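First the structure, in the form of structure tokens, and then the observations on it.
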Amino acid sequence: MPELPEVETILRGLAEHALGRRVTAVEVRNRAVIMGAAADFVRNIAGKLIAGLERKGKVLAVRLSGKNPEAPRYLLVRLGMTGQVTVTPREAPLEPHTHVRLALGAGNEELRFRDVRRFGRLRCCTRRELEAVFARLGPDAREITEEQFLAALRGRRGAIKSWLMNQQSLSGIGNIYADEALFAARIHPLTPAGYLPLAAARRLHRAVKRILDRAIAWGGTSVRDYRNAEGRPGDFLSELRVYQRTGEPCRRCRRPIRRLVISGRSSHFCPHCQPRPRRALPPGRRTRSFAGR
DNA sequence: GCAAGCCTGACC
DNA sequence: GGTCAGGCTTGC
């Protein structure tokens, strides 16, 4: 599933294979993946140069050439669960679920957007609109400082697992890296976020960054559908310690990994290495008041 | 029936 | 305002 490391890997691939090239033609084969009118989408992209690449969390933004700051000149890509962005020879057979094709000048290749489950979206927007999208996301998980991380945890009563996946507190983490970071930091996924002892919260902040950096170095994780810009899978799957390893022995203590559903998401963890928090209540907990009833 | 990211809406 | 369930989608 494309999370921060997968999107970053695609960005790097596009920097190598698509940056500086002109979009000479646009074909929308399935308008359901386009936000807004498909005709506007085509008109705003066709003929432009791919001038830059940006990312915040799991959102990829392709900057297109153009001088008018009020005109749409960003292509926003959200990969959803099964989205793929590849640079492919134009004559290569069109795989099923290929929804958008951008022909690239200076070579016989095209940029393809493919998405089996169609949770992904493409959108053409202005700088202002891009900034509004980014503003709704918390700090990028690789860039968030310890101070920001600790401050964002404060007062949160929901499970730390859900907190990590909520893109408003920090952005870029999905189910795979949430489970992996919690295992590395030895934190039970149901621990209320704001109850984490300071040392544990610091461990988690460091674990998040380390896991993401390592996953990027391995080119991301391909559980099934993820492919980089060259169409190749990532290699981090074999490095996963708990995700989708239910029943396998924990790499640290050899006891079996267990699975738990938290907010409708499966969570994988080691009950021995990630014990439930011993204290049930946080410092400064507010109880339900019966006064005035 | 399950997996998943993200959005919407219900609930307190 | 925070938290969570539900729905979207399709291949296994």
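Every value quoted in this text rests on a predicted model; they were computed, and no experiment measured them. In the text below, chain A, chain B and the rest are named by the order of the sequence lines, each starting its count at 1.
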- A/R157 CZ to B/dC12 C1', in whole Å, measures 12 Å
- Task: Compute the bend angle of the helix from B/dG1-C/dC12 to B/dC12-C/dG1 from the end axes (five pairs per end), rounded to 10°.
- Result: 40°
- Message: Would you say CZ of A/R128 has more than 12 non-hydrogen atoms from neighbouring residues, nucleotides or ligands within 6.0 angstrom?
- Response: no
- Message: For a 4.5 angstrom cut-off between non-hydrogen side-chain atoms, does A/R214 reach A/E239?
- Response: yes
- Under 3.5 Å: donor-acceptor pair, side chain of A/R21, backbone of A/G105: yes
- Kindly say whether, by distance alone, the side chain of A/R224 makes a donor-acceptor pair under 3.5 Å with the base of B/dA3? no
- Query: Checking only heavy atoms, does the side chain of A/R265 share a donor-acceptor pair with the base of B/dG5 at less than 3.5 Å?
  - Reply: yes
- Message: Holding to salt bridge (Lys or Arg N to Asp or Glu O under 4.0 Å), I want the full list of residues that pass it with A/R22, two or more places apart in sequence or in another chain.
- Response: none
- Message: At a heavy-atom distance below 4.0 Å, what parts of residues 132-149 of chain A sit against DNA chain B?
- Response: none
- Message: If you compare every side-chain N and O of A/R259 against the phosphate oxygens of B/dA3 (OP1, OP2), does one of them come in below 4.0 Å?
- Response: yes
- A/Y195 and A/W163: ring-ring contact (aromatic ring centres under 6.0 Å, His included), yes or no, with the steps? CA-CA 12 Å; A/Y195 296 27; A/W163 183 86; over 10 Å; no
- Task: Provide, to the nearest angstrom, the distance between the CG atom belonging to A/L122 and the P atom belonging to B/dC6.
- Result: 14 Å
- Item | Step-by-step side chain to side chain donor-acceptor pair (under 3.5 Å) determination, A/E230 to A/H17 | CA-CA 9 Å; A/E230 297 175 352; A/H17 299 293; 2.6 Å; yes
- Just call it for A/S266: base, sugar-phosphate, or nothing, with non-hydrogen atoms closer than 4.0 Å on any strand. sugar-phosphate
- Query: Side chains of A/P249 and A/R255: does their closest heavy-atom pair fall under 4.5 Å?
  - Reply: no
- Task: Start with the C-alpha gap between A/E91 and A/N108, add the side-chain angles, then the distance that decides, and say whether side chain to side chain donor-acceptor pair (under 3.5 Å) holds.
- Result: CA-CA 8 Å; A/E91 65 275 10; A/N108 190 32; 2.8 Å; yes
- Query: For A/L260 and B/dA3, what is the distance between atoms CG and P respectively, to the nearest whole Å?
  - Reply: 12 Å
- Item | Chi angles and distances behind the side chain to side chain donor-acceptor pair (under 3.5 Å) call for A/K161, A/S267 | CA-CA 8 Å; A/K161 169 70 187 283; A/S267 294; 2.7 Å; yes
- Rounded interatomic separation in angstrom, taking CG from A/D179 and P from B/dA3: 12 Å
- Message: Looking only at the aromatic ring of each residue, does the gap between the centers of A/Y226 and A/W218 stay below 6.0 angstrom?
- Response: no
- Item | Other residues, nucleotides, ligands: >12 heavy atoms within 6.0 Å of A/Q168 CD | no
- Task: Among Ile, Leu, Val, Met, Phe, Trp and Tyr joined by side-chain contacts under 4.5 Å, find the other residues sharing a cluster with A/F183 and list them by chain and number.
- Result: A/V242, A/I257
- If you look at every strand shown and take non-hydrogen atoms under 4.0 Å, does A/R123 touch a base, only sugar-phosphate, or nothing? nothing
- Query: Of the residues in residues 234-246 of chain A, which ones touch DNA chain B at a heavy-atom distance under 4.0 Å?
  - Reply: A/Y243
- Message: Need to verify one output field. Residue with the more 5' nearest nucleotide on DNA chain C, A/I262 or A/Q168?
- Response: A/Q168
- Without swapping roles, check the side chain of A/D140 against the backbone of A/K56 for a donor-acceptor pair under 3.5 Å. no
- Query: Atom CD of A/E3 to atom C1' of B/dA4: distance rounded to whole Å?
  - Reply: 10 Å
- Item | Atom-to-atom span, NE2 of A/H268 to C1' of B/dC2 - whole angstrom | 12 Å
- Would you say the side chain of A/L75 lies within less than 4.5 Å of the side chain of A/L102, judging by non-hydrogen atoms? yes
- Message: Can you measure A/R117 atom CZ to B/dA3 atom C1' for me and round it to whole angstrom units?
- Response: 6 Å
- Along DNA chain C, first and last positions that approach a heavy atom of chain A under 4.0 Å: C/dG2 to C/dC12
- Starting from C1' on B/dG5, measure out to CD on A/Q167 and report it in whole angstrom. 8 Å
